[in-house]
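I have placed the structure first, in the form of structure tokens, so that the comments after it can refer back to it.
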Amino acid sequence: MSPRRNRPRGGENPTDRASEPGDRYGGVQRTESWQGEEWCVRHVAGASAVGKRYRCPGCDQEIPSGTPHVVAWPEYGGVEDRRHWHKACWNAKDRRTSRVQRSRNAPRY
């Protein structure tokens, strides 16, 4: 049995794909309106952040490493404004309460 091929069979050059927007992080970026602001939203596969865990602001639960999720930030915000959401939590953000109650010793990340 011959080994599996890891390169595309077509005439596509792998360096050509790297220049497409969104390919580097696993998703296509788009803009959505929420709470009177424009938000940049990107769906990510989660495979590139091995060992990293994020806390979803929608449900206050941890997003384990390797889990597909959504990254959202205000259009004119910086890197520190990015938030990682579960896809279902991002879709339900308008139906959730505005404040999530945490216990006293819960981390704020």
*asked:* Over 60° means perpendicular and under 30° means parallel, so tell me whether Tyr54 and His69 are parallel, tilted or perpendicular.
replied: tilted
*Taking Val70 as the fixed residue, which of His43, Arg83, Lys93 is the one that meets the side-chain contact (heavy atoms from CB on, under 4.5 Å) rule?*
His43
*Trp90 side chain reached by His84 side chain, heavy atoms, under 4.5 Å*: no
*Quick check: does any side chain N or O of Arg55 sit under 3.5 Å from a backbone N or O of Asp60, one acting as donor and the other as acceptor?*
yes
*For residues Arg53 and Ile63, determine if any side-chain heavy atom of one lies less than 4.5 Å from a side-chain heavy atom of the other.*
no
*Give the intermediate values and the outcome of salt bridge (Lys or Arg N to Asp or Glu O under 4.0 Å) for residues Arg82 and Glu80.*
CA-CA 6 Å; Arg82 289 187 300 192; Glu80 65 277 352; over 6 Å; no
*State, to 0.1 Å, how close Arg42 and Gln29 come at their nearest heavy-atom pair, and which atoms those are.*
NH2-OE1, 2.5 Å
_Reported SG-to-NZ distance for the pair Cys56 and Lys87, which is rounded to 0.5 angstrom_ = 14.0 Å
*Are side-chain N/O atoms of Thr31 and Glu38 paired as donor and acceptor at under 3.5 Å?*
no
*Main-chain N/O of Trp34 paired with Trp39 side-chain donor or acceptor, under 3.5 Å*: yes
*Glu75 versus Cys40, closest heavy-atom pair with distance*: CA-SG, 3.9 Å
